[in-house]
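These notes concern the structure reproduced below.
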Amino acid sequence: MWPFFTLNRPLVWLALAALAGASVLPLLSLRLAALVVIAIGMVDGWRQIRLEHQRRRLGEQALELSQDGVMITNAANRIVIVNPAFTQITGYTLEEIRGLDPSALSSGRHDKAFYDRYWQTLKTTGRWEGEIWNERKHGDQYPQWLRVQACHDHKGRVSHYVGLFTDITRHKSREQDLRRIGFEDPLTGLPNRRRLHDLLASRLRHLRAGEGLDLALIDIDAFKTVNDSLGVDSGDRLLARFGQRLAAQVAGGIVGRLGGDEFMVIRTTTFDDHDKWIATLRQHLSEPFEIDESSLHLGLTIGSCRAPEDGADPNVLFQRLESALYSAKRHGRNHDRRFRPSLEVEGDRQLTILNELRQALAQGSQLELYYQTQHRLDDGEMVGMEALLRWHHPDHGLILPSEFIPLAERHGLMPVLGNWVIDQAVAQLATWRGQGLDVLPVWVNLSALQLIQGDLESHLISTLKQYRVPARLLGLELTESVLLDERAGDISRRLEALRREGLQIAIDDFGTGYSSMAYLKRLPVDKLKLDREFIRALPHDHADAAITSAVLAMAHGLNLDVIAEGVETAEQRDFLLARGCRHVQGYLYARPQPAGEVENRLRQAVANVYS
Ligand code: C2E
Ligand code: MG
Ligand code: MG
């Protein structure tokens, strides 16, 4: 058929005319001229054929190389040509579908009206472009972006339809992801804050007579230490599992993640058993979470409220849940608190306290260090003391550190407050030494913020120098969370440097964090302070007895001293003594006391030696 292409060339026509006329031309010269014209016409025709051939080959190559799927159908809409990308996307080869109507590839997702519009557009405009879902050979459906163009013959009739399409599955799923990100927490797949807000609003609108909503905001205690000790991936896994378990527990309710380690639960109910509901949630979450061969028991702090009693507006309810949670947190870990109107006043109270604390620090007269003595277990001999901060508030009386230290930490006051404690403790040691008393090491507590924000090391060294107190008389107590706080930099190196100066280091509240034994082994510390949580129920509680015994055995192996905190009874003392514990601190021996009273005990100790 290809010689046809050559017929639209004038030279070819001329050659044909010359060919017809050559035999009847009278003159030889004219015949020769006709032959030349014929030869030129043939050469031109031949060149055209070659060019056409080349164009075809290029067209075929382009089809083969195209990343877009190409399908050409004839005027009757039967498939005549497909390219390799088509086969790759759909799974069909040309042999399998030649002669078929393209509707054989359809997914069934679009209705008749869709195809009617498609044909109408194609017929009237000669083209169609849009998203269409088709089915691959092995059955799965996928979206494609299709452009179809009608091709016409020289009489203007449609001869073919050329369709070009791309597989937009990946693009679509990203679009879906984007849509989901707006409303869904990507880690747990649970509704995010925005979505929770909408869901809550919807539940509130659909409350029927006698129905109410129970709402709880759950915060995982010390979650940061999980991240720090097991790694962020494990932390993520824990959050995902936590969300799953919570969602399984409140079937028919709503569970979402507000961010970080905060989850929200909502249920519609006709019962008035809010506290029982919270207890059930707690119980369900108290089972350990198995993450990376670690069995994690989580402490939870919960703030809760009810609608419509505590508010019928989502914003108000969110705020009230947060103030309930905040109040629960202030009462220590693993607490829950239901919203009360008085809690809102508490926020203001906090601010007032903070300002008063600033003033107290500036004046110094309302703050005082109490000292709690530490003893050797076998003979009761005093071996040291811990400095514990007290605030004598002119209106509220004695305020304990658990009330104001978190406030100082949150508002940037901790380095100053911590330095004040160090100054006082070292000055007190200097005074006692000046009085010729046989002084014992004083241990001060350090907040993470002192290691992060202040210039702790130089303050310690300069204060000891200023008061001429030997560094061995000062001990530093750091909790596991302080040790694991990465904001403090290379903590091992910093502690090692302090020990080289002569200071002693203890891990406070040992056992409440997540530090692993391997980590402990590498840390330059002198002492573990076994948290009083484990001591409280001794010797009757089997688990606590086992933990205490294990810690003592392990510490012995690592050549670490252990001091048990919160020893209140003789039974506890005897149990510890029998397990090889050497030091104790607790009400059984002494409560924290003002310096004057401890001084009397120091004098008595000296007097006893000389009597
Ligand atoms: P901590 O360092 O673990 O201090 C021991 C706490 O246990 C003290 O509470 C002490 O009074 C209490 N305690 C001691 N023996 C017993 C006992 O036999 N039974 C009971 N039930 N309790 C006992 P306190 O003084 O209220 O201090 C609480 C926490 O506040 C301290 O825990 C420490 O973490 C922090 N803290 C205290 N003073 C300072 C300070 O100067 N700086 C920093 N950063 N934190 C401090
Ligand atoms: Mg302490
Ligand atoms: Mg402690």
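Just follow the structure's listing: the first ligand is 1, and inside any ligand the first atom is 1. A quick note: this is a predicted structure, and the numbers were derived from the prediction, not measured.
- Within the 3.5 Å criterion, the main-chain N or O of Leu300 finds a donor-acceptor partner in the side chain of Asn334.
- By the 4.5 Å heavy-atom criterion applied to side chains, Leu464 and Leu503 are counted as neighbours.
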Please tabulate, one line per pair, the protein N or O atoms found under 3.5 Å from any N or O atom of ligand 1, giving the distance to one decimal.
from, atom 1, to, atom 2, distance (Å)
ligand 1, 2 (O), Glu386, OE2, 2.8
ligand 1, 2 (O), Asn445, OD1, 2.9
ligand 1, 2 (O), Asp508, OD2, 2.8
ligand 1, 3 (O), Asp509, OD1, 3.0
ligand 1, 3 (O), Glu565, OE2, 3.0
ligand 1, 7 (O), Arg532, NH1, 2.7
ligand 1, 15 (N), Gln372, NE2, 2.9
ligand 1, 18 (O), Tyr587, N, 2.8
ligand 1, 19 (N), Glu568, OE2, 2.5
ligand 1, 21 (N), Glu568, OE2, 3.1
ligand 1, 22 (N), Tyr587, OH, 3.4
ligand 1, 25 (O), Arg390, NH1, 2.9
ligand 1, 25 (O), Arg390, NH2, 2.9
ligand 1, 38 (N), Leu389, N, 3.1
ligand 1, 42 (N), Asn445, O, 3.4

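- Under the 3.5 Å distance criterion, the side-chain polar atoms of Arg241 are matched with a main-chain donor or acceptor of Glu290.
- When only modelled atom types and interatomic distance are considered, Thr301 and Asp221 share a side-chain donor-acceptor pair under 3.5 Å.
- Contact of the Asp310 side chain with the Leu215 side chain is not registered, since no non-hydrogen atoms from C-beta on lie closer than 4.5 Å.
- Listed by chain and number, the protein atoms of type N/O/S under 2.8 Å from the Mg ion (ligand 3) are Asp508 OD1, Asp509 OD1, Glu565 OE1, Glu565 OE2; waters are omitted.
- Atom CG of Asp378 has more than 12 heavy atoms from other residues, nucleotides or ligands within 6.0 Å.
- Annotation: side-chain hydrogen bond (donor to acceptor under 3.5 Å, both in side chains) contacts of Asp531 (sequence neighbours excluded): none.
- For Glu403, the side chain to side chain contact (heavy atoms under 4.5 Å, CB included) partners two or more places apart in sequence, or in a different chain, are Arg330, Arg349, Ile399.
- For Glu386, the N, O or S atom with the smallest separation from the Mg ion (ligand 2) is OE2.
- A donor-acceptor contact under 3.5 angstrom links the side chains of Gln366 and Trp391, judged on distance only.
- Between His375 and Tyr589, the ring planes are parallel. Angles under 30° get that label, and only those over 60° would be called perpendicular.
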